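Fair warning: this is a prediction, and the values are worked out from it, not measured in the lab. Heavy atoms only: backbone and side chains are in, while hydrogens, waters and symmetry mates are out.
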Amino acid sequence: MLSLLSSLFNTKMLCCYCLKKIDRSASECEWCKSTNPHLYAKHYDTARPFYMPLIGWEEVGKTIWMYSLTRRLRELASRVSENFTFIPANETANLFDREVTGAAEKFAPRANTPGELISYVIVLQKLPSFADRTLVMRDVAGEHFKDFIFNPPEIEALKSASACFLMLSLPDLIKKEKRIEGFAMDQLLRSYVNTLGTKFGVDTRKSKRSLVVILSKADALAARSSTKDRGGASDDYVLPAHLQDYLENDPMATAIDSGRSLRWTAVEFVDYVEKMQAVSDQIRNWVRGLPDGANFINLANSENIDLKFSLITCLSREVDDNSLLGQCWEPRRVIDPLLWGLVLHGAGRSSKR
């Protein structure tokens, strides 16, 4: 009788942690025993969830990107769009939001404890040119792909997700010692493909996947950076001038840092996304010249994986345990990967000009 009533009144939804069907009024998931976030359930129909695992090795900058994305979304609501609403929908997103509010006197966040799971759930309402959606992002340590050990919620997220974020630290990609240790960019992609096949029975050649490749710490490869910052690499790996310009001249960051408001319309958001898409192709062409870059791209092509590229930077310099976040926090283009996630999940709307 209960199952009949559930089907009649559509009370079922996917748990945001293990992606199994649960009753939206339940206080916790009957499968993974996680707390069912009220705001996730409340907006489930009006802001349809999209699920994006975040894959990357340790210390590539995943945590500081989530902090920076939270900050930028808060600023978008106050400076860029008068109608946009950003709603942290689970405890982790709420924690990040609280810490962002008082970040000036906080120390720069450290990397996550190995084995620690982070799930980040945010509701996005009335973002110009986009439909309302809820981002559900789970941090999946790249090390898991080496030993094929995953927790049950990670398994379903990886198996089901048609698109993932894959984060790579640009300065690490050109360090010979990192590549010798098995942290080459094509190795992570190969491990991802092998995991889908051997662990989950997914053949990407028959089931197309998309990866939003987030190249973090991109300012380390700017022309002003020393060869020491680049891991001793020569000028061969400096970001081309047009990509440096794109990274540094982030219109949202520029306006917000100067205390101005943008008040973008849907047309202006469409223009931003079109530019972002063009820059992705330019980044792809440059990545081909990085160590293992051509093999990374060719492997993706052969495995039916669509690659979208973003350059981001969150901190203005190398930080230590005594660095205050407010002194070195200069996020640039940190919203681009999120916009790619929305585009890949069909949330984008064209705008009449």
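- In terms of modelled atom types and a separation under 3.5 Å, the side chain of Tyr44 and the main chain of Leu14 share a donor-acceptor contact.
- For Trp264, the ring pair (Phe, Tyr, Trp, His ring centres under 6.0 Å) partners two or more places apart in sequence, or in a different chain, are Phe269, Tyr272.
- Looking at Arg333, its side chain never comes within 3.5 Å of a backbone N or O of Met276 through a donor-acceptor pair.
- Using a cut-off of 4.0 Å between Lys/Arg side-chain N and Asp/Glu carboxylate O, Asp186 and Arg288 are scored as not salt-bridged.
- Ile87 and Leu339 fall into different hydrophobic clusters, where Ile, Leu, Val, Met, Phe, Trp and Tyr residues are linked whenever their side-chain heavy atoms come under 4.5 Å apart, directly or through other members.
- In this structure, the separation between CD1 on Ile122 and OH on Tyr120 is 4.0 Å, given to the nearest 0.5 Å.
- In this structure, the side chain of Thr134 engages the main chain of Ala47 through a donor-acceptor pair within 3.5 Å.
- The OG atom of Ser81 sits 10.5 Å away from the CG atom of Leu262 when rounded to the nearest 0.5 Å.
- Side-chain contact check for Met52 versus Leu135: some heavy-atom pair is nearer than 4.5 Å.
- In this structure, Gln244 contributes its side chain and Leu239 its backbone to a donor-acceptor pair below 3.5 Å.
- Between the CZ atom of Phe96 and the CG atom of Asn90 there is a distance of 9.5 Å, given to the nearest 0.5 Å.
- Separation of atoms CG (Leu299) and CG (Leu189) is listed at 4.5 Å; rounding is to 0.5 Å.
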Does the side-chain hydrogen bond (donor to acceptor under 3.5 Å, both in side chains) test come out yes or no for Thr11 and Arg24, once each step is laid out? CA-CA 6 Å; Thr11 64; Arg24 68 183 65 194; over 6 Å; no
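- A heavy-atom distance below 4.5 Å is not found between the side chains of Tyr51 and Ser160.
- Side-chain contact annotation: Thr265 with Glu268, donor-acceptor N/O pair under 3.5 Å present.
- The backbone N or O of Lys21 sits less than 3.5 Å from a side-chain atom of Trp31, completing a donor-acceptor pair.
- Proximity of a side-chain donor or acceptor of Arg133 to a complementary backbone N or O of His345 within less than 3.5 Å is detected.
- Closest approach of Ala26 and Asn36 over heavy atoms only: O-ND2, 2.9 Å.
- Here the closest heavy-atom approach between residue Cys314 and residue Ile64 is recorded as CB-CG1, 3.8 Å.
- Shown here is Arg263, whose CZ atom has more than 12 heavy atoms of other residues, nucleotides or ligands within 6.0 Å.
- Here the side chain of Lys33 pairs a donor or acceptor atom with the backbone of Glu30 at under 3.5 angstrom.
- Between the NZ atom of Lys62 and the CG atom of Asp139 there is a distance of 4.0 Å, given to the nearest 0.5 Å.
- Separation of the Phe309 and Trp340 ring centroids does not fall under the 6.0 Å cut-off.
- Phe165 places none of its side-chain heavy atoms less than 4.5 Å from the side chain of Pro53.
- No chain of hydrophobic side-chain contacts below 4.5 Å, direct or via other Ile, Leu, Val, Met, Phe, Trp or Tyr residues, connects Met66 to Val123.
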Given Thr204 and Glu303, is the side-chain hydrogen bond (donor to acceptor under 3.5 Å, both in side chains) satisfied, shown in steps? CA-CA 6 Å; Thr204 58; Glu303 291 292 339; 3.1 Å; yes
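- Among the candidates Val80, Val100, Ile256, the single residue satisfying the side chain to side chain contact (heavy atoms under 4.5 Å, CB included) test with Arg72 is Ile256.
- At a threshold of 4.5 Å between side-chain heavy atoms, the hydrophobic network of Ile, Leu, Val, Met, Phe, Trp and Tyr places Val273 and Phe84 in one connected group.
- Taking CG of Leu166 as the reference point, atom OG of Ser310 lies at 12.0 Å (rounded to 0.5 Å).
- Residues Leu95 and Val121 fall into different hydrophobic clusters, defined by Ile, Leu, Val, Met, Phe, Trp and Tyr side chains chained together at heavy-atom separations under 4.5 Å.
- Val343 and Val213 fall within a single hydrophobic cluster, where Ile, Leu, Val, Met, Phe, Trp and Tyr are joined by side-chain heavy atoms under 4.5 Å apart, directly or via other members.
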For Ser258 and Arg260: C-alpha separation, side-chain torsions, deciding distance, then whether side-chain hydrogen bond (donor to acceptor under 3.5 Å, both in side chains) applies. CA-CA 6 Å; Ser258 64; Arg260 294 186 290 108; 3.2 Å; yes
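- Under a 3.5 Å cut-off, the side chain of Arg332 and the backbone N or O of Ala253 do not form any donor-acceptor pair.
- A salt bridge does not link Glu82 with Lys126: every distance from a Lys NZ or Arg NE/NH1/NH2 to an Asp or Glu carboxylate oxygen is 4.0 Å or more.
- Taking the centre and axis of the six-membered ring of Tyr17, the NZ or CZ atom of Arg138 falls outside the cone set by 45° and 6.0 Å.
- Of the possible donor and acceptor atoms, one in the side chain of Trp65 sits under 3.5 Å from a partner among the backbone N and O of Val334.
- A donor-acceptor contact under 3.5 angstrom links the side chains of Asp336 and Tyr246, judged on distance only.
- When the shell of 6.0 Å around NZ of Lys208 is examined, it contains more than 12 heavy atoms from other residues, nucleotides or ligands.
- With Asn249 contributing its side chain and Asp245 its backbone, the two residues share a donor-acceptor pair below 3.5 Å.
- We find that Asp219 and Lys217 are not joined by a salt bridge, their nearest charged nitrogen and carboxylate oxygen being 4.0 Å or further apart.
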